[in-house]
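What follows is a short report on a single structure.
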Amino acid sequence: MNKLGSLFAALALMMLTTGSALAADTADTLAAVKAKGVLVAGVKDSTPPFGYIDEASRKIVGYDIDFINALAKRLGVQVELKPVTSASRMPQLQEGHIDIIAATMTKNPERAKVIDFSHAYFITGQKFITKKGTITSLQDLEGKRIGTAKGSTSEQNVAKAIPTATVLSFDDYPQAFLALQQGKVAAVTTDEAILAGILAKSPNKDKFEIPHVQISEEPYGLGMRKGDTNFVAFVNQALLEMEQNGEAKAIFEKWFGPTTPYSLERTFTITAVK
Ligand code: GLU
């Protein structure tokens, strides 16, 4: 074998043995995942209860992870979780480092030009965390500094909703919340379910609140590569089955039910809506 030949052989072997995600230009992730025996998912690791590190097991757990586990079970493959941020999740998918995004990601027409989304598997809306008693309406945030995460819809929505505000974007929401605790921002904004998770984990949660001020609706979709038709069809079918057999509701109850620190109502069902 010449030099180039052995380089290719080494590369091929590396790809086979590392269990890495599918190369970005390969079309059929469903077949590839089955062949390699592992589903590589991009997930959040500091966004309870969607994806965060469980203190006892040191493993990433959460609502998003349970959907990935359910898909992997149906496929009969292992799961590999790779932490992503709001800003890095689409590039990670497109570059082939992950097979699927399950990371509190809103499906919207702008993003759907770049990647494909599953049916919505969670629905929430964008709100704010503030110091108790400081904000009762959107007007109270005029001209204020507001923290959020880079690459999120939260960042875009708040800039539109309060053009006079200064938006400070962090890598993740815990960093934005730290800025609020330090008095560097007047509010943190993102999806209510994420804010509820941050608040529940905060040691000084009594000082903060989520006022009844909502600026958008955010349906979450699982993100897949554009045109990955077989994989999208498989994932959508699985989600609809999970809705029918109660699996999806059970995952919701596990993370948001009345005995959890978050306690939200399930106001949606998974349906085959674009
Ligand atoms: N769901 C919103 C988004 O996809 C905010 C949460 C996040 O940053 O992941 O951008």
Side-chain angles (χ1 to χ4, degrees), residues 41-53 60-68 81-94 98 100-129 146-162 165 167-180 185 187-201 210 213-226 252 255-256 262 264 267-268 270 273-274:
V43 299
K44 295 287 183 82
D45 68 355
S46 59
T47 310
F50 292 95
Y52 67 100
I53 299 172
I60 304 175
V61 298
Y63 182 89
D64 284 341
I65 283 70
D66 281 353
F67 276 85
I68 291 301
L81 302 175
K82 285 199 180 166
V84 292
T85 63
S86 300
S88 76
R89 58 196 163 189
M90 284 216 279
Q92 289 281 320
L93 178 72
Q94 288 179 294
I98 53 179
I100 189 165
I101 299 169
T104 65
M105 188 168 193
T106 297
K107 62 184 275 194
N108 64 24
E110 196 188 329
R111 287 173 174 168
K113 286 183 195 151
V114 186
I115 65 171
D116 280 344
F117 284 102
S118 71
H119 302 318
Y121 68 101
F122 190 85
I123 297 176
T124 176
Q126 185 170 340
K127 291 193 175 180
F128 299 84
I129 293 191
I146 302 176
T148 188
K150 256 179 239 153
S152 63
T153 51
S154 318
E155 191 182 36
Q156 297 175 346
N157 296 337
V158 72
K160 269 187 221 133
I162 321 169
V167 179
L168 299 187
S169 295
F170 298 84
D171 281 337
D172 58 34
Y173 297 106
Q175 286 180 40
F177 186 57
L178 191 63
L180 177 65
V185 295
V188 171
T189 188
T190 187
D191 307 331
E192 180 183 12
I194 295 177
L195 296 177
I198 291 173
L199 207 53
K201 289 256 179 238
I210 303 171
V213 177
Q214 181 165 332
I215 58 169
S216 71
E217 190 162 274
E218 307 289 323
Y220 291 179
L222 300 169
M224 289 158 277
R225 276 177 283 272
K226 192 91 202 137
F252 184 94
W255 297 105
F256 296 101
Y262 318 100
L264 295 177
T267 53
F268 65 91
I270 299 173
V273 190
K274 272 253 165 190

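Counting starts at 1 for both ligands and their atoms, in listed order. Predicted model, so just to flag it, every value in this text is computed and none were measured. Computed from heavy atoms alone, side chains included, the values below leave out hydrogens, waters and symmetry copies.
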* **Atoms in ligand 1 flagged as close to R89, the criterion being non-hydrogen separation under 4.0 Å** => 3 (C), 4 (O), 7 (C), 8 (O), 9 (O), 10 (O)
* Using a heavy-atom cut-off of under 4.0 Å, does the side chain or the backbone of D191 touch ligand 1, or both, or neither? -> side chain
* Closest non-hydrogen atom pair between L93 and I100, with its separation -> CD1-N, 3.9 Å
* Residue pair F122, F67: steps toward the ring pair (Phe, Tyr, Trp, His ring centres under 6.0 Å) verdict -> CA-CA 11 Å; F122 190 85; F67 276 85; 9.0 Å; no
* Test Q126 against every option in N157, T148, T153, T106 by the side chain to side chain donor-acceptor pair (under 3.5 Å) rule and name the one that passes. => N157
* Structure fact -> In this structure, CZ of F117 is separated from CD1 of I101 (nearest 0.5 Å) by 7.0 Å
* Value rounded to 0.5 Å, distance of CZ in F268 from CZ in F252 -> 5.5 Å
* May I ask whether A149 has any heavy atom positioned less than 4.0 angstrom from an atom of ligand 1? => no
* To do: Using a strict cut-off of 4.0 Å, indicate which atoms of ligand 1 neighbour a heavy atom of Y220.
  => 1 (N)
* Would you check the N or O atoms of T190, main chain and side chain alike, for any that come under 3.5 Å of an N or O of ligand 1? => no
* What atoms of ligand 1 come within less than 4.0 Å of a heavy atom belonging to A103? -> 9 (O)
* Asked: Based purely on interatomic distance, does S152 place a nitrogen or oxygen under 3.5 Å from a nitrogen or oxygen of ligand 1?
  -> no
* Check: T106 N/O within less than 3.5 Å of ligand 1 N/O -> yes
* What closest approach, in Å, do K107 and H119 show between heavy atoms, and which atom pair accounts for it? -> NZ-CA, 3.8 Å
* Per-atom contacts, ligand 1 versus S86 - under 4.0 Å to a heavy atom -> 7 (C), 8 (O), 9 (O)
* Structure fact -> Counting heavy atoms under 4.0 Å, the part of R111 that contacts ligand 1 is side chain
* Any atoms of ligand 1 less than 4.0 Å from a non-hydrogen atom of I194? List them with their elements. => 6 (C)
* Asked: Does the side chain of T190 come under 3.5 Å of the side chain of S154 through a donor N or O and an acceptor N or O?
  -> yes
* Can you find a side-chain donor-acceptor pair between D64 and Y220 that sits under 3.5 Å? -> no
* To do: Specify the closest pair of heavy atoms between G221 and Y121, including all atoms of both residues, with the distance to one decimal.
  => C-CE2, 3.5 Å
* ligand 1 versus T47, non-hydrogen atoms closer than 4.0 Å: side chain, backbone, both, neither? -> neither
* Could you give me the CA-CA distance, side-chain angles and deciding distance for I146 and V185, then say whether side-chain contact (heavy atoms from CB on, under 4.5 Å) is met? => CA-CA 5 Å; I146 302 176; V185 295; 5.8 Å; no
* ligand 1 contact by E155, heavy-atom criterion under 4.0 angstrom -> no
* Do you know which two heavy atoms are closest between A193 and F256, and how far apart they sit? -> CB-CE2, 4.2 Å
* Which of the atoms in ligand 1, numbered in the order shown and given with their element, are less than 4.0 Å from a heavy-atom of S154? -> 5 (C)
* Nearest protein heavy-atom contact for atom 9 (O) of ligand 1: which residue, which atom, what distance? -> T104 OG1, 2.6 Å
* At what distance is the nearest protein heavy atom to atom 2 (C) of ligand 1, and which residue and atom is it? -> T153 OG1, 3.1 Å
* To do: May I ask you to identify, for K44, whether its side chain, its backbone, both or neither come under 4.0 Å of ligand 1 on a heavy-atom basis?
  => side chain
* Which ligand 1 atoms, with their elements, are less than 4.0 angstrom from a heavy-atom of M105? -> 4 (O)
